[in-house]
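Structure first, commentary second.
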Amino acid sequence: MAEAKAPQQRGGNADNVFAEDPAETGLRFEVDGEIATITLDRPDKRNAQTFATWSALARIGDDLPDRVRVVVVRGEGPSFSAGIDLRMFTPEGVPGQGSFSSTARLGAAAFEQRLRQAQRGFLWLRRPEIVSIAAVQGHAIGAGFQLALACDLRIVADDVKFCMKEPALGLVPDLTGTKPLVELVGLAKAIDICLTARIVEADEAQRIGLAEQVVARDGLDRAVHDKIAGLLSTNRDAAAATKRLLQGARSRTLEEQCAAEGAEQAERLRALFSSQP
């Protein structure tokens, strides 16, 4: 795949995606036609994440080319992401980025701004016009688990280890992971997973709905490729409309959902047949 240096823009400037040192963002971003790939690329640190990682993720969402339909999030090396870079827990923090200690001393408005910026890097993966796939192998801990949860689909290797580590560190999961976790596995199971900070391995992940598919480690890329082919075989606008319907279904009554289906279908029919005599 060719690196996306100047994609068509949704907003912002794609050349600024990696404004920080690429070694600190820990990401590669590539676009090949309708497929974008985000690779967590600090394998020596098990793809640990920093403030710069989250800022770069947010900018990728801002500058994603309009032609992209599928976004794959993957990790280089044996782990998807071991979570937060442990330097963030030290007084020195990450050079040029600060630490949790310095963040704790921010005023309420500045703290909220910093948190919202981090969360933006995860929220855009749920947009109706794209389907996001987390290709997960090895450790997906804390922020890594939440990044996988931010995606629409999770295809995992049989060595995967999900863990919501934050409560064990005295923190809470705040990178948008709690809602999808509860929606996927239910409240009781989410409480069990988070409040014990235990490991969820591949078989359980598939059984409780965290993973759509479990494959051998060496078959992960092929499984993702096959899923992308299936997703791209459907009509783009119909896929986006259907995803909007599915995303809104939980918050609507049956009558409201029926009305939403009708409104989306009316738009589809007009688009498909309005030019016919």
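With sequence neighbours left out, Glu204 forms a side-chain hydrogen bond (donor to acceptor under 3.5 Å, both in side chains) with Arg198. Listed by chain and number, the residues in a side chain to side chain contact (heavy atoms under 4.5 Å, CB included) with Glu112 are Arg116 (sequence neighbours excluded). Residues satisfying the side-chain hydrogen bond (donor to acceptor under 3.5 Å, both in side chains) test with Gln117, not counting sequence neighbours, are Arg120. With sequence neighbours left out, Arg250 forms a side-chain hydrogen bond (donor to acceptor under 3.5 Å, both in side chains) with no residue at all. For Val215, the side chain to side chain contact (heavy atoms under 4.5 Å, CB included) criterion is met by Gln213, Leu220, Ala223, not counting sequence neighbours. Considering only residues two or more places apart in sequence or on other chains, Gln265 meets the side-chain hydrogen bond (donor to acceptor under 3.5 Å, both in side chains) condition with none of them. Remark: Asp237 engages Asn235, Arg268 in a side chain to side chain contact (heavy atoms under 4.5 Å, CB included) (not counting sequence neighbours). With sequence neighbours excluded, the residues that form a side chain to side chain contact (heavy atoms under 4.5 Å, CB included) with Leu246 are Thr242. The ring pair (Phe, Tyr, Trp, His ring centres under 6.0 Å) test applied to Phe145 returns Phe162, not counting sequence neighbours.
With a 4.5 Å cut-off on side-chain heavy atoms, Asn47 and Thr53 do not count as touching. Side-chain contact between Ile133 and Val71: absent, with no pair of heavy atoms (C-beta onward) separated by less than 4.5 Å. Counting heavy atoms from C-beta on, the side chains of Phe122 and Leu149 never come closer than 4.5 Å. The closest side-chain heavy-atom distance from Arg87 to Pro95 is below 4.5 Å. Using a 4.5 Å heavy-atom cutoff, the side chains of Arg69 and Thr234 are in contact. Residues Leu153 and Val131 meet the side-chain proximity criterion, which asks for heavy atoms closer than 4.5 Å. Within the 4.5 Å cutoff, the side chain of Glu34 has heavy atoms near those of the Arg236 side chain. Between Val68 and Glu129, the closest side-chain pair of non-hydrogen atoms is not below 4.5 Å.
The two residues Thr103 and Phe51 make their nearest non-hydrogen contact at OG1-CZ, 3.5 Å. Listed here is the closest heavy atom pair of Gly93 and Ser99: CA-CB, 3.5 Å. When all heavy atoms are compared, the tightest approach of Arg67 to Gly33 is NE-O, 3.2 Å. The heavy-atom pair separating Gly144 from Phe80 by the smallest distance is O-CE2, 3.3 Å. Taking every heavy atom of both residues into account, Ile208 and Lys189 meet most closely at CD1-CG, 4.1 Å. Of all the heavy atoms in Asp152 and Arg126, the pair that sits closest is OD1-CA, 4.4 Å.
Other residues, nucleotides and ligands contribute over 12 non-hydrogen atoms within 6.0 Å of the CD atom of Glu183. More than 12 heavy atoms of other shown residues, nucleotides or ligands fall within 6.0 angstrom of atom CG in Asp192. The neighbour count for Lys45 NZ, taken as heavy atoms of other residues, nucleotides or ligands under 6.0 Å away, does not exceed 12.
The backbone N or O of Ala148 lies less than 3.5 Å from a partner atom in the side chain of Arg154, making a donor-acceptor pair. Proximity of a side-chain donor or acceptor of Glu256 to a complementary backbone N or O of Thr253 within less than 3.5 Å is detected.
Side-chain heavy atoms closer than 4.5 Å link hydrophobic residues (I, L, V, M, F, W, Y) into clusters, and following such links, even through other members, never connects Val185 to Ile191. When hydrophobic clusters are built by joining Ile, Leu, Val, Met, Phe, Trp and Tyr residues whose side-chain heavy atoms come closer than 4.5 Å, directly or via intermediates, Leu169 is grouped together with Trp54. Cluster membership check: Leu123 does not share its hydrophobic cluster with Ile130, using side-chain heavy-atom separations under 4.5 Å among Ile, Leu, Val, Met, Phe, Trp and Tyr. Val94 and Leu40 fall within the same hydrophobic cluster, where Ile, Leu, Val, Met, Phe, Trp and Tyr residues are linked whenever their side-chain heavy atoms come under 4.5 Å apart, directly or through other members. Residues Ile84 and Ile193 share a single hydrophobic cluster, defined by chaining ILVMFWY side chains whose heavy atoms lie under 4.5 Å apart.
Here the OG-CD distance, from Ser102 to Glu92, works out to 11.0 Å after rounding to the nearest 0.5 Å. For the atom pair OG (Ser101) and CZ (Phe89), the distance works out to 12.0 Å, reported to the nearest 0.5 Å. Here the NZ atom belonging to Lys161 is positioned 5.0 Å from the CD atom belonging to Glu201, to the nearest 0.5 angstrom. To the nearest 0.5 Å, the span separating CD on Glu76 from CG on Leu27 amounts to 12.0 Å. To the nearest 0.5 Å, atoms CD (Gln97) and OG1 (Thr50) are separated by 4.0 Å. Atom CZ of Arg28 sits about 4.5 Å away from atom CG of Asp41, to the nearest 0.5 Å.
Neither side chain, Ser55 nor Arg59, offers a donor N or O lying under 3.5 Å from an acceptor on the other.
The other residues sharing a hydrophobic cluster with Leu115 are Leu106, Phe111, where clustering joins ILVMFWY side chains under 4.5 Å apart.
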Checklist entry - Val156 and Gln206: side chain to side chain contact (heavy atoms under 4.5 Å, CB included), yes or no, with the steps? => result CA-CA 9 Å; Val156 309; Gln206 187 168 35; over 6 Å; no
Test side chain to side chain contact (heavy atoms under 4.5 Å, CB included) on Cys194 and Leu181; report intermediate values, then the result. CA-CA 10 Å; Cys194 292; Leu181 182 62; 3.5 Å; yes
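Among pairs with a residue in residues 133-149, those fulfilling side-chain hydrogen bond (donor to acceptor under 3.5 Å, both in side chains) read Arg46-His139, Ser79-His139, Gln146-Glu166, at least two apart in sequence or across chains.
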Let me check something: any side-chain donor-acceptor pairs from residues 224-231 under 3.5 Å, sequence neighbours excluded? List them with distances.
| residue | atom | partner | partner atom | Å |
| --- | --- | --- | --- | --- |
| His225 | ND1 | Arg222 | NH1 | 3.1 |
| Asp226 | OD1 | Arg222 | NH1 | 3.4 |

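The side-chain hydrogen bond (donor to acceptor under 3.5 Å, both in side chains) test with Arg74 singles out one residue from Asp221, Thr37, Thr39, and that residue is Thr39.
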